[in-house]
Amino acid sequence: MKIISIILLSLFFAGCSEVKPWEKGDLARSHMLTNPNPANSQFNQHMYQSKEGAFGGYGISSGGCGCN
Amino acid sequence: MKKNKDKKQRGENNKLANFMAAAMAIPAVASSISQAQGPPEHSSIRLQYSDYQDYQSNQDRISIKSPMLWVDTAIAERTEFEGSIVLDSISGASPLYLDTVSGASGTGIDDNRKAANGLITQYFEDFSLGIGGVFSTEDDYKSRGLNIETSIWTPSKNTTFNFGISANRDDITSSNNAEIDESRTTLNFLAGISQILNSRSLIQTNFTYSGGNGYFSDPYKLNDNRPQSRDLGAILTQYILYFPAEDFSLHVDYRFTHDSWGLNSNMFEFSIYKPLAKKWLVRPSLRYYTQSNADFFQYSYPPRNLNQFYSADQRLASFGGLTTSFMVQRDLSQGFSVDFELGFIQQRSDFRPGGGSDNISPFYARFFTVGLTKTF
């Protein structure tokens, strides 16, 4: 199990070569962001925080929830 | 772009230049805590309307109408401002007969929430520093928060380290019990890494910790009595992979949380962003969430022991939730774009592997968001 994990991690990070600026064209696409629509995400995360027991991970400034 | 005599390199540079021009024509809205090493080149302003309705046991429950104004702009050569104002209208009845304020008896919830947040970020050569605040107020709840965040990137900009700290103060009252006048304070920390893996993919992992002290109980639920502190840790990993031949990106998110109330959660979210016919973008999405119940959750009344913590709030039960949503975006002329998202949520005890809490009723919600963005 340990050997398999090491092999998988190595394969994963083998894809992690130094990317040059001229190779970043595809990464510049508007949908290649982890949060392409912050206003929309703000509403969705507030909705999930109101209806679920857990929260977190996305950012630091989520603010409180007076959710009844 | 560097002048280069190599023909192949010139070809590559032209391809990049053409692509960047095309990419800039699509309103690109950068997140405040990921991947940006400078203020946005183009200012954006967005008007958004979100509408939420939930149902349980065949009755309408909570209805929320939420207009928002959002802005992201450079305010100086190396300074960015991002902020929003929200005006929610909330109405309806909370689930369950265990509420002291119930729509069934004609006295439902009818509340308005006003909230605003703002973040100013200053960009330097190798790092950025941001300071922000958040404010939210409604009849029975007021919240204020301050946050500081920093991002540090390597010279190649392939790796970015993100850190943040925030403090919140919440004041809680009750619209049907004037004796309730409580508060709680929460301290939050974030540490994260964003790594470009290759020319088509990137990965970002954030650890967040939230430590809260004070009043956590729900004044509208009978005998709801929760601990005076809550420590919650979360780890969220987001992976994005672009498929050049088919021209779409796949986003895979996974988040695990654990807290001092005994509640653990797992969340998977899969989204595909697919541009169509130059001006359209479609985004189907699937989100699967499971949680285990808080130690003191008990889905019956009265509490087994009045001297112990107790809550029958279904949000602290064991259950699984599935959201299916679809978003479509269309670019218009003059830098405008319009988008529409529609989603459906279902929470059920049996959506959780191994089952969830007994007897909780399936919960349904539908939401939609329509937005108009102008990029200058």
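Just so we're on the same page: letters track the sequence lines, and every chain starts at 1. Hydrogens, waters and symmetry mates are skipped; everything else that's a heavy atom, side chains included, is used.
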Per-residue contact mode, [X] against chain A (heavy atom under 4.5 angstrom):
X         : value
Leu232(B) : side chain
Ser210(B) : side chain
Asn264(B) : neither
Ser84(B)  : side chain
Lys142(B) : neither
Ile165(B) : backbone
Phe207(B) : neither

Side chains of Lys24(A) and Lys157(B) in contact at under 4.5 Å (non-hydrogen atoms): yes

Minimum side-chain heavy-atom gap Val86(B)-Gln42(A) below 4.5 Å: yes

Check: [X]/[Y] side-chain N/O donor and acceptor closer than 3.5 Å:
X         : Y         : answer
Glu52(A)  : Ser265(B) : no
Glu341(B) : Asn40(A)  : yes
Lys20(A)  : Asn158(B) : no

Residue, of Ser199(B), Ala234(B), Ala317(B), that accumulates the most heavy atom pairs under 4.5 Å with chain A: Ser199(B)

Arg287(B) NZ/CZ over Tyr48(A) ring centroid, <6.0 Å and within 45° of normal: yes

